[in-house]
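Before any comments, here is the structure.
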There are 4 protein chains.
Amino acid sequence: MAVRAAVAGASGYAGGELLRLLLAHPEVEIGALTGNSNAGQRLGALQPHLLPLAGRVLQETTPDVLAGHDVVFLALPHGQSATVAEQLGPDVLVVDMGADFRLTDAAAWERFYGSPHAGTWPYGLPELPGARAALEGSKRVAVPGCYPTAVSLALFPAYAAGLAGPEAVIVAASGTSGAGKTPKPHLLGSEVMGSMSPYGVGGGHRHTPEITQNLSAAAGETVSVSFTPTLAPMPRGILATCSAKAADGVTGESLRAVYEKAFADEPFVHLLPEGQWPATASVHGSNAVQVQVAYDADAGRIIVISAIDNLTKGTAGGAVQSMNIALGLDETTGLTTIGVAP
Amino acid sequence: MAVRAAVAGASGYAGGELLRLLLAHPEVEIGALTGNSNAGQRLGALQPHLLPLAGRVLQETTPDVLAGHDVVFLALPHGQSATVAEQLGPDVLVVDMGADFRLTDAAAWERFYGSPHAGTWPYGLPELPGARAALEGSKRVAVPGCYPTAVSLALFPAYAAGLAGPEAVIVAASGTSGAGKTPKPHLLGSEVMGSMSPYGVGGGHRHTPEITQNLSAAAGETVSVSFTPTLAPMPRGILATCSAKAADGVTGESLRAVYEKAFADEPFVHLLPEGQWPATASVHGSNAVQVQVAYDADAGRIIVISAIDNLTKGTAGGAVQSMNIALGLDETTGLTTIGVAP
Amino acid sequence: MAVRAAVAGASGYAGGELLRLLLAHPEVEIGALTGNSNAGQRLGALQPHLLPLAGRVLQETTPDVLAGHDVVFLALPHGQSATVAEQLGPDVLVVDMGADFRLTDAAAWERFYGSPHAGTWPYGLPELPGARAALEGSKRVAVPGCYPTAVSLALFPAYAAGLAGPEAVIVAASGTSGAGKTPKPHLLGSEVMGSMSPYGVGGGHRHTPEITQNLSAAAGETVSVSFTPTLAPMPRGILATCSAKAADGVTGESLRAVYEKAFADEPFVHLLPEGQWPATASVHGSNAVQVQVAYDADAGRIIVISAIDNLTKGTAGGAVQSMNIALGLDETTGLTTIGVAP
Amino acid sequence: MAVRAAVAGASGYAGGELLRLLLAHPEVEIGALTGNSNAGQRLGALQPHLLPLAGRVLQETTPDVLAGHDVVFLALPHGQSATVAEQLGPDVLVVDMGADFRLTDAAAWERFYGSPHAGTWPYGLPELPGARAALEGSKRVAVPGCYPTAVSLALFPAYAAGLAGPEAVIVAASGTSGAGKTPKPHLLGSEVMGSMSPYGVGGGHRHTPEITQNLSAAAGETVSVSFTPTLAPMPRGILATCSAKAADGVTGESLRAVYEKAFADEPFVHLLPEGQWPATASVHGSNAVQVQVAYDADAGRIIVISAIDNLTKGTAGGAVQSMNIALGLDETTGLTTIGVAP
């Protein structure tokens, strides 16, 4: 019996990537597709790469349209998910790809988003300690942000093992799809091709409290996070360069051993062989995470670098992976670790 | 019972794309992987996006290594396929992704390749008139070149229907993966990013006689081909802009009707709705072909534009599609029309 | 005594490139800068690459603001230049970088632009036969379109010498800056990177009648033009692939001889040595035009390929070159043939 | 009287950029051009963007060829400069664009380069404290590495003012031209487009000791440096994200005040207005450095971000700037702060 899935917000990049993955998911049947400003348009005009759905027409995001599905994915601007979820009732699996239910700290939410906190749902990063148990059977899932996915997977093993000092420094480069499909001057191809630039410097990016939350949970104490995101001239991908002071006694070998153990049974997170470094091209379109670690004895720091596809593992793939767990399906169903390269 | 497949030349771009597709093919089991200069190396170091095969080690391309498979794919430099195929015997399906067996005209082969003609095998472009019948049950397949795939699918319906004059003018832009993985100065990222440049101008490109062969067969008379390839700053994709004088009486409606009919039952070739134009990003990683047509009344010409992924439909996807037909599998098995965009 | 120049429309790509060139022009002093929707903003926020002008503030485009200059450059949407020029009076040199005064054929204007024809000014492509004489001392200049610049320089010598048949087929690839700075979804970096796509196919592009005008003038008879522009994943540059049937008796040698002679004394147009082909990267930021020719004996066609920077020689550099001639300065003042590569 | 300049190593990216700048330098006459493996080739085939030098032929790098010049620029592989410089004698200005004479610490040299230390020359980063005085009248100049240029200019004011703790964490993205023109598989356009990847992680990059040297000198104590370079999909540009613990009492205002003062009289280093962040596109082809600072109160860190063109200010522009000082010319002669954008 197929899982019937609706997608609210099907015209953007997150919605498009989700549909790409759902089309390849053997247990899912794609139901209603909605998009408010684009309601009435053919999907073929908005997502021309999704040929099997080219003739589908977007509907308005209303309770009636979203009713009658087993799963409803929300790819909506933040602040809208709570109302929609309430209308859907407690028996429908609601997977929120937005930010509304990611944070446990209401004050942090209000500081970074400037609106009342909607609550906290089970967090859709199954590789974190305890996350799978919380997702199993849940009817609500908060999909992590793309940067927090890349950074948390890179650093949580070091923090969980006590190898890293409490001040993490993170610089991450993201492809432009992370900035969405709404046209803005600085996102024009003419502006971004051939250019690297930072944004949200100095702690201002909304993913900062989410990273802090995850690393602090792994460490069992508050981790301070310096996070600088940069925009890179590529459509997809995140490369996160993460470092922290090494705890006393850390060696290259002990560091590597911790990561080998942490990811040994993970289907999507791959610690690369020594000497090989992550590249975003290698995970293009895949749900895989490539990780490599180094211990810099001179600087006394551990460096962990991860590469993900911001739209796949960083958004839509993470959503499908969490849906699989919530529904009791095999976690890897419909997902791949094979990238589209070169 | 799985089809056991070997790949000779697994370290290049064609071989890597083939493996990406075969990993997703439900009927295929991947057997021997060979690569002469890279024999002994882990595939993970050469094709880091193919995580499930990362631990596989390349072997030498020898008869012993390639023995015992149902299908052997050859991604070898031209001139080597005949010997390997002979060693494999007549009962093994040999799919040649190189140029050796594409041309029927020995003189054209010798002029463009400078070596003796090896012969002609059934041509792996199933959408051409008569091609499927020749492929069914065949033990030999010559996979078309990437440009001939894009151009022949764009123009054969017009020629078959008598709508186009006998002089085709084609300008095509290709991503850099079409030039292969051997490092050359003009293929460096520093050189190609931000630059468009032509090559093989004036009829010198080796794909010219192959295009001529296909269009002439469709027209039932010799078609003269002016073909200018250009290198575009992107890793994948071909955009082919093809035109010819319109025959007397052609209208926009009659042109469109011919193309609608030609592709109505094709699983991979899509005539876009009027007003929408092909983009290579939309077929990135997919086996789809996007086509659009126009009749320019002022210039008296028909213009047909097609977009493919040069590595998928243009090489490895075409190879798998032909293998499916040759083995009696559903033609679309293991292939997708869904692109990875943006 | 410095030439005092104003720029109306200083916030867009054409205006920015013009300012970049004027800053390096030894005879020009930059006066008023205007931009209606951006009036009141610092130029540093709009054109962050123009550091010496970072503190300048844009003004409204009014007659008062533009008064008191020797030259006024107009980088305005089409339809606005006539009014501004009239207000400036007949003694000020007005260089219109828009389309309003390029066409001699009022009917063609009205068909392609849908508004009344404003008139015809001396055409700022000095390399065309007779163009320099018309520009000398003129107080009005119509700067050509970027595509017509690339195409006309590629083909006019063949037409002037009677080497080319009356049906030109042109496919050109342009960088995204040619589409301007107004944010539109299809111009987002996420959409254009990794993608080639056509637009204005079938004669619909507004540069078609301008190309027709130039080639017909060179040929002394009407030349029919099939013109297909494509959008390439790079910020700047045009590569124009132009071909036509070769006249009887044309050879590779006679073709080359005509081009050598045509460009022998041109400071900006360079016929490359045999075997070397134009690349847009080589003319990045320069006013140079790279040209190469080929005679395809099999297809009976001549092929001429040109590369320009669409913003420099294709817009702002052409404007400065024409200003120099109009003012009696050395034509090359403030301009370079040196590209910024890689 | 013109300064006569020779360039040893004119075929690579550093040599090409140097020639681009020297062509625009009003006091320089370009003399001998050498390039060992390319000796005998036309420069037009190797550097097609340098049209005015297209006909020049590269010579062997011999003392005879380099004799008779006022300045000799060396763009050679490391280890070769000492011999050439000795042959030229003490009266010729030798500007070494390689690494040989940058480091003061012989042990650091030997550890990172694996060969004997050649010595230390005046360091060509005029903006550093004391650097101009050492360059004035000098006959030897060691041009800094590209990363050390971007990083040292970003952080030295904070260290000189005692605002930054002794552990700097730097993540920098570089365009591919920084990796040179020698073809290697991982530098192919197919590999780098659409991809971000790190290299030399964990302190292994040869620019690490040079950065350490510069920051330690500014701080008056040893600064530990964690430096992670990454390769970005663009031909040019470096974006350096640099941070360190803030000293007690630092505020956003005090930080900004220090940087305003440090760069107030610098012709090439620009502290951007608050709210505006550096972008590599803005300094494309220019000698400018864009800098912005932030104080992250939550993390207790100062963050300084700089953007340069790795080939201009990071290599050839820095070389020309230092030559100007050494020769007593105005420091800015032949250099620009205007970028080529978009």
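Sequence lines set the chain letters: A, B, ... in the order given, protein chains first and strands last, and positions in each chain run from 1. What you see is a predicted model, and the numbers here were worked out from it, not measured in a lab.
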Check: Taking every heavy-atom pair that is under 4.5 Å apart, which of A:G237, A:P198, A:G203 has the most such pairs with chain D?
Finding: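 If we count pairs closer than 4.5 Å to chain D, A:P198 comes out on top.
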Chain A interface, residue from [options] that has the most non-hydrogen pairs under 4.5 Å:
options: D:A173, D:S195, D:G175, D:P342; value: D:S195
options: D:P278, D:A232, D:P235; value: D:P278
options: D:Q290, D:K245, D:H284; value: D:K245
options: D:E191, D:R236, D:E167; value: D:E167
options: D:G252, D:G202, D:A168; value: D:G202

Note to self: Quick check on A:A294 against chain D: is it the side chain, the backbone, both or neither that has a heavy atom closer than 4.5 Å?
What the structure shows: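 Contact with chain D is through the side chain of A:A294 alone.
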Next item on the list: Give, as side chain, backbone, both or neither, the part of A:A307 having an atom under 4.5 angstrom from any heavy atom of chain D.
Entry: neither
Would you say that [X] contacts [Y] through its side chain, given a criterion of any heavy-atom pair below 4.5 Å between the two side chains?
X: A:V171; Y: D:I170; value: no
X: A:M234; Y: D:M193; value: no
X: D:Q292; Y: A:V201; value: no

Check: Do A:S197 side-chain atoms and D:A279 backbone N/O form a donor-acceptor pair below 3.5 Å?
Finding: no
Margin query: With a 3.5 Å distance limit and no angle check, can you tell me whether A:T280 reaches the backbone of D:M196 through a side-chain donor-acceptor pair?
Written below: yes
Check: For chain A, which residues from residues 206-226 of chain D lie under 4.5 Å away (heavy-atom distances)?
Finding: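 Within residues 206-226 of chain D, the residues that come under 4.5 Å of chain A (heavy atoms only) are D:S224, D:V225, D:S226.
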Item checked: From CH2 (D:W277) to OG1 (A:T228), nearest 0.5 Å ->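 Result: 8.0 Å between the selected atoms.
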